[in-house]
Amino acid sequence: MTPTTDQEPLTVTLRVRIGQEEAHYGGQLVDGARILRLFGDLVTEITIRNDGDEGLLSEYAGIRFTAPVHPGDYVEATARLVRSTKLRRFVELTARKVIAATGEGPSSAAVLPEPVTVCTARATTVVPRHARVFRVEDPVGASTGGR
């Protein structure tokens, strides 16, 4: 697969149910690291699809936790490749709660009328040239110097 510049940006999504075992704080809150693990999986999928290699996550930036996550919630996380250089891939990440535990009973939940953003971030991943299976032609815009 060789992405071209006239394609939509490469985007991947996953949806997970947050289990009771993931509540770590008072009020049955789930730690933000759980969302970052989802983001890490998405960045890995982006580089596999784009380069044929898992790459190496080198940085998260602009991490913002904007709403709580509780056991029983369903979180949908999305990653979008926004820029590529010879060595790096730059990815925008968003996690949204799409189903929320209601607390009305031990297993009650409700589909939210609109998803609630729980976290946003940017990630940079490095794909060493020797590890790439595909030849990348900057699939989503002009490269800036190949840092």
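A search for side chain to side chain donor-acceptor pair (under 3.5 Å) contacts involving Thr120 returns nothing, not counting sequence neighbours. With sequence neighbours excluded, the residues that form a salt bridge (Lys or Arg N to Asp or Glu O under 4.0 Å) with Arg15 are Glu76. With sequence neighbours excluded, no residue forms a side chain to side chain donor-acceptor pair (under 3.5 Å) with Thr11. For Gln20, the side chain to side chain donor-acceptor pair (under 3.5 Å) criterion is met by Gln28, not counting sequence neighbours. With sequence neighbours excluded, the residues that form a side chain to side chain donor-acceptor pair (under 3.5 Å) with Arg80 are Glu92. Under the side chain to side chain contact (heavy atoms under 4.5 Å, CB included) criterion, Ala67 pairs with Val116, Val118, not counting sequence neighbours.
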Exercise. Could you walk me through whether Leu81 and Asn50 pass side chain to side chain contact (heavy atoms under 4.5 Å, CB included), step by step?
Key: CA-CA 9 Å; Leu81 180 63; Asn50 194 72; 3.7 Å; yes
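Here the OG1 atom belonging to Thr124 is positioned 7.5 Å from the CZ atom belonging to Arg88, to the nearest 0.5 angstrom.
In terms of modelled atom types and a separation under 3.5 Å, the side chain of Asp53 and the main chain of Gly55 share a donor-acceptor contact.
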Between side-chain atoms of residues 33-45 and protein atoms elsewhere (two or more places apart, or another chain), which donor-acceptor pairs fall under 3.5 Å?
{"from": "Arg34", "atom 1": "NE", "to": "Glu22", "atom 2": "OE2", "distance (Å)": "2.1"}
{"from": "Thr44", "atom 1": "OG1", "to": "Gly40", "atom 2": "O", "distance (Å)": "3.0"}
{"from": "Glu45", "atom 1": "OE2", "to": "Arg49", "atom 2": "NE", "distance (Å)": "2.7"}
{"from": "Glu45", "atom 1": "OE2", "to": "Arg49", "atom 2": "NH2", "distance (Å)": "3.1"}

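The other residues sharing a hydrophobic cluster with Val111 are Tyr74, Val98, Ile99, where clustering joins ILVMFWY side chains under 4.5 Å apart. Hydrophobic clustering, defined by side-chain heavy atoms of Ile, Leu, Val, Met, Phe, Trp and Tyr closer than 4.5 Å, groups Tyr25 together with Leu29.
Scanning both residues, Gly19 and Pro71, for their nearest heavy atoms gives O-CB, 3.7 Å. Among all heavy-atom pairs drawn from Leu57 and Ala123, the shortest one is CD1-CB, 3.9 Å. When all heavy atoms of Pro128 and Leu87 are compared, the closest pair comes out as CA-CD1, 4.1 Å. Pairing each heavy atom of Ile46 with each of Ala79, the nearest pair is CD1-O, 3.9 Å.
Among residue pairs with one or both ends in residues 55-71, none qualify as side-chain hydrogen bond (donor to acceptor under 3.5 Å, both in side chains); sequence neighbours excluded. Every pair passing salt bridge (charged side-chain N to carboxylate O under 4.0 Å, His left out) that includes a residue from residues 97-124 is listed here, sequence neighbours excluded: Asp73-Lys97.
If you chain together hydrophobic residues whose side chains sit under 4.5 Å apart, Leu56 and Val12 never meet in one group. Under a hydrophobic clustering in which Ile, Leu, Val, Met, Phe, Trp and Tyr are joined whenever their side-chain heavy atoms come within less than 4.5 Å, directly or via other members, Ile18 and Leu112 fall into different clusters.
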